[in-house]
Amino acid sequence: MSELPLIAVTDSASCPRPLAEQIERLAKLTELRPQAVILRAKSLDKAAYRTLALQAQQSCEAAGIPLILHSNWQLAHDLGISKLHLPLALLRQLAACERTHFTCLSTSVHSVEEAIEAQALGYTMLVAGHIYTTQCKAGLAPRGLGFLQAVCSAVSLPVYAIGGIGFDAAQHAELLANGARGACVMSAYMRL
């Protein structure tokens, strides 16, 4: 079992079954149990995402796993979900009074400058990537461990690595050694 906290990130493209079913499977795991699930479903319209969010919320709450909605802050607020993954551009537009509804605000960063800006904007967690070669970013060179270390050194927030991360203990040790507080795992969790 990994000492590195893992967050599952949903992805319908790499999942052989409907996302609601996969989230229910993840919620029942004893080994490799994610510490949270980021509900990423970019291909869904708002109505379909809401339906999926309600199903995921039920599965995650029953298992005691926090659900983090992706981008849709209004829906998170409506459903009483206090954790949100929000791109930098969207948080720049979100009123300060709306930010107070969330106990966890995470964002993806792709440079040290973005990490510093995210911290200044009030994010509570960063997702830095992509660290390793991944099929999700085919043909795009990974930013690597040096990038991860630079981001972790530049901010006081917890930084989770993403990109090409599986369930390999040696890889997890490498991420921890370079400052990561955890990792976001997409494809490997979607194929379980």
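This is a predicted model, so every value here is computed, not measured.
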Side-chain donor-acceptor pairs of residues 151-167 under 3.5 Å, sequence neighbours excluded:
unit_1 : atom_1 : unit_2 : atom_2 : d
Ser153 : OG     : Gln149 : O      : 2.9
Ser156 : OG     : Gln119 : OE1    : 3.1
Tyr160 : OH     : Gln35  : NE2    : 2.8

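Both Leu6 and Leu26 belong to a single network of hydrophobic side chains, linked directly or stepwise wherever heavy atoms of I, L, V, M, F, W or Y lie under 4.5 Å apart. Hydrophobic clustering (side-chain heavy atoms under 4.5 Å, transitive across Ile, Leu, Val, Met, Phe, Trp, Tyr) groups Leu90 together with Leu44.
Side-chain contact between Met186 and Cys136 is present, with heavy atoms from C-beta onward closer than 4.5 Å. No side-chain heavy atom of Phe102 sits less than 4.5 Å from a side-chain heavy atom of Lys83. A heavy-atom distance below 4.5 Å is not found between the side chains of Ile38 and Leu67. At least one side-chain heavy atom of Ile65 sits less than 4.5 Å from a side-chain heavy atom of Val37. Residues Leu91 and Leu105 have side chains in contact (heavy-atom distance under 4.5 Å, counting atoms from C-beta outward). Between Val9 and Tyr189 the shortest side-chain heavy-atom distance does not fall below 4.5 Å. Looking at Ser14 and Arg191, their side chains come closer than 4.5 Å, going by heavy atoms from C-beta outward. The closest side-chain heavy-atom distance from Glu174 to His172 is not below 4.5 Å.
Screening residues 99-121 for salt bridge (Lys or Arg N to Asp or Glu O under 4.0 Å), with sequence neighbours left out, gives Arg92-Glu117.
Between the side chain of Gln57 and the backbone N or O of Ile81, no donor-acceptor pair lies under 3.5 Å. Judged by distance alone, the side chain of Thr100 and the main-chain N or O of Cys97 form a donor-acceptor pair under 3.5 Å. The backbone N or O of Leu140 sits less than 3.5 Å from a side-chain atom of His130, completing a donor-acceptor pair. Judged by distance alone, the side chain of Tyr132 and the main-chain N or O of Arg143 form no donor-acceptor pair under 3.5 Å. One N or O on the side chain of Arg33 and one on the backbone of Ala27 form a donor-acceptor pair closer than 3.5 Å.
Between the side chains of His70 and Thr10, no donor-acceptor pair of N or O atoms lies under 3.5 Å.
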Note to self: Go through it in stages, so that I can follow the logic: the residues are Leu84 and Tyr123, the test is side chain to side chain contact (heavy atoms under 4.5 Å, CB included), and I'd like the CA-CA distance, side-chain angles, deciding distance and then a yes or no.
What the structure shows: CA-CA 10 Å; Leu84 182 67; Tyr123 281 101; over 6 Å; no

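Ion pairing between Glu24 and Lys28 holds under the 4.0 Å rule for side-chain N and carboxylate O.
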